[in-house]
Amino acid sequence: METMQAIQSDKGVAVTDENPYLPENVLDPYPLYARMRKLTPVVWLESVGVWGVFVDDVCREILLDAQRFGSAGGGGLANYYREKPWREPSVVFEVDPPDHTRTRRVLSRLLSPKTVKALTDRTAELARQCVASAYAKGRFDFVTDLAKPLVMQIVPDALGLPKEGRENVLIYNKYLIKGRTYGREQPWTSAEIEESTRVVEWVQQICDRASISSDGLGAKIYAAADAGEISLHEANMLIRSFLSAGADNTFGSISNTIYFLLSNPEQWKRLREQPTLARNAYDESLRYHSPAQTIARNTRMALTFHGANMGEHDKIMMFTGSANRDPKRWEDPDAFKIDRNVTGHLGLGTGIHGCVGQMIARMEGEQVLAEVARNARSLAFDTAPVEWLKSGRAVSKLPVVVVD
Ligand code: HEM
């Protein structure tokens, strides 16, 4: 597609008709990202009517400036200042200080060294069990037979949620992603409206105090409500955010890492020789292709930013997946290298909204990958094709075979 590069006087920066949300760009965004990085540091995406940022330094500048760039306008293309959200917005992701400071504090406090140690021990044990039972099959799907069943036990169990119905979290998350472009695509069908309403209600009910155990992290969130730090409703909503954020992104990114390793046999060999690289390998996968390719902010006031004439509450989409491949920030950015210094990638965000569960995600990634790397037997792609989610976030099917 032709890229318009003209600087339009009213916008102040390059205006482009390229559309990062077209299915082909979603599934392989990197050629588009490279073209976009050659334009001005901020561009106007005419096709979707929002500002776009594709370079590392400007993404970082926005993420670190919560005074001028807020989250209350929603985590996707849909602009809550101008459009009705598909469901009640998150009380941590989609809120600005001072409310954000209050709710975030409750979540940050949950992850004490003692809690992280207990979660690590449990994950290591589950990783041993899940790897052993998957490998015993000889060939298996890394996503559905290993990463997903393991990850879906860590955060939900830690929160103290019942075992039944956890598949609903993934259906909820499907709508969460769909909701990010709410109002900008085909109207939702009545079946979609019905199902999304059902899962929102399910999640609300499952996060209710009556549904959760009295000794998990969920109970600690309710204790913060008892202490008057947050309301009971906010407690329910915080559990929702923690539950939903800790699910498919985590098993998707762990599976992606295996896919990138098997696609780069010398890196796979390196990890098998040195399993202590597992944590860095997982982080490199989050730089190379994070399930979170974009982060949204809205301007909190009208301003001129890197030449862009922004109105109050305008939407800015940061393509952090592009920032993570920015050659000005990363050497040889399109190469997957498990021993590179990967500190500071934006795959988990940064600033006041930077992923509050990153310690858990990294811990889960490290435990699973190290267990796989240490195994006497190796893995190879099976003959059935690898499949990706339509959202491009992660592999959905990763058939592998156990080899000697
Ligand atoms: C690989 C897996 C994960 C990825 C790629 C990921 C990605 C992200 C990103 C990019 C943000 C920043 C959003 C923004 O700035 O608007 C974020 C925030 C957040 N993440 Fe994660 N995350 C992951 C795992 C987890 C886990 C395991 C949990 C919980 C156990 C979690 C809970 C959260 C929460 C609650 C926030 C909101 C923080 C705030 O707004 O202050 N995430 N995550």
Show the nearest heavy-atom pair for residues [X] and [Y], with the distance to one decimal.
X	Y	result
A134	L146	CB-CD1, 4.1 Å
Q367	A124	OE1-CB, 3.4 Å
R325	W330	N-CD1, 4.3 Å
R272	N375	NH1-O, 2.8 Å
K117	D121	NZ-OD2, 2.7 Å
R102	E229	NH1-O, 3.0 Å

Rounded to the nearest 0.5 Å, how far apart are [atom1] of [X] and [atom2] of [Y]?
X	Y	atom1	atom2	answer
T144	K397	OG1	NZ	8.0 Å
L261	N256	CG	CG	10.5 Å
L110	I221	CG	CD1	5.0 Å
Y222	D226	OH	CG	10.0 Å
R340	E331	CZ	CD	7.5 Å
I62	M317	CD1	CE	11.0 Å

query: Quick one: which of N324, D56, D283 gives a side chain to side chain donor-acceptor pair (under 3.5 Å) with H345?
result: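 Only one of N324, D56, D283 forms a side chain to side chain donor-acceptor pair (under 3.5 Å) with H345, namely D283.
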message: Just to verify, which of R180, E195, R87 counts as forming a side chain to side chain donor-acceptor pair (under 3.5 Å) with Y175?
response: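 Exactly one candidate clears the test, E195.
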Is the shortest heavy-atom distance from the side chain of [X] to the side chain of [Y] under 4.5 Å?
X	Y	answer
I360	L111	yes
F140	L379	yes
L150	T123	yes
E284	K337	yes
K174	V199	no
F305	D314	no
V92	F242	no
V55	K328	no

message: One pair to check against side chain to side chain contact (heavy atoms under 4.5 Å, CB included): R198 and I171. What are the steps and the verdict?
response: CA-CA 10 Å; R198 178 184 69 74; I171 303 175; 3.9 Å; yes
Whether the side chain of [X] engages the backbone of [Y] through a donor-acceptor N/O pair (distance < 3.5 Å, no angle test) should be reported.
X	Y	answer
N309	T304	no
R104	I352	yes
E366	R362	no
T103	H100	yes
T16	L45	no
K390	V26	no
R166	P162	yes
S378	V403	no
N264	E266	no
T120	V116	yes

Do [X] and [Y] have side-chain atoms, one donor and one acceptor, less than 3.5 Å apart?
X	Y	result
N173	S244	yes
R37	S322	yes
E125	Q129	yes
N79	H313	no

message: Please evaluate residues V91 and D99 with respect to the criterion side chain to side chain contact (heavy atoms under 4.5 Å, CB included), reporting the C-alpha separation (whole Å), side-chain torsions for both, the decisive distance (0.1 Å), and the verdict.
response: CA-CA 8 Å; V91 298; D99 284 337; over 6 Å; no
field: Parallel, tilted or perpendicular: ring planes of F260 versus H289, cut at 30 and 60 degrees
entry: perpendicular
message: For E273, I'd like to know if atom CD has over 12 heavy atoms of other residues, nucleotides or ligands within 6.0 Å.
response: yes
Heavy-atom neighbours of K163 NZ exceed 12 at 6.0 Å: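 More than 12 within 6.0 Å, yes.
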- prompt: Is it true that D96 and R300 make a salt bridge, defined as a side-chain N closer than 4.0 Å to a carboxylate O?
  reply: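 A salt bridge links D96 with R300.
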Pairing of R122 and D157 as salt bridge, 4.0 angstrom limit: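 Counted as a salt bridge, because a side-chain N and a carboxylate O are separated by less than 4.0 Å.
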message: With ring-ring contact (aromatic ring centres under 6.0 Å, His included) as the criterion, how do W51 and H306 come out once you've worked through the C-alpha distance, each side chain's angles and the decisive distance to 0.1 Å?
response: CA-CA 12 Å; W51 302 101; H306 288 276; over 10 Å; no
statement: Result for ring-ring contact (aromatic ring centres under 6.0 Å, His included) between Y259 and one of F381, F142, F336 points to F381
message: If you apply the rule side chain to side chain contact (heavy atoms under 4.5 Å, CB included), what do you find for R128 with E371, and how did you get there?
response: CA-CA 7 Å; R128 276 192 290 278; E371 184 62 28; 3.5 Å; yes
message: V200 vs W86, test: side chain to side chain contact (heavy atoms under 4.5 Å, CB included). Steps then yes/no.
response: CA-CA 10 Å; V200 169; W86 75 281; 3.7 Å; yes
- prompt: So among L398, D141, V143, which one has a side-chain contact (heavy atoms from CB on, under 4.5 Å) with V386?
  reply: L398
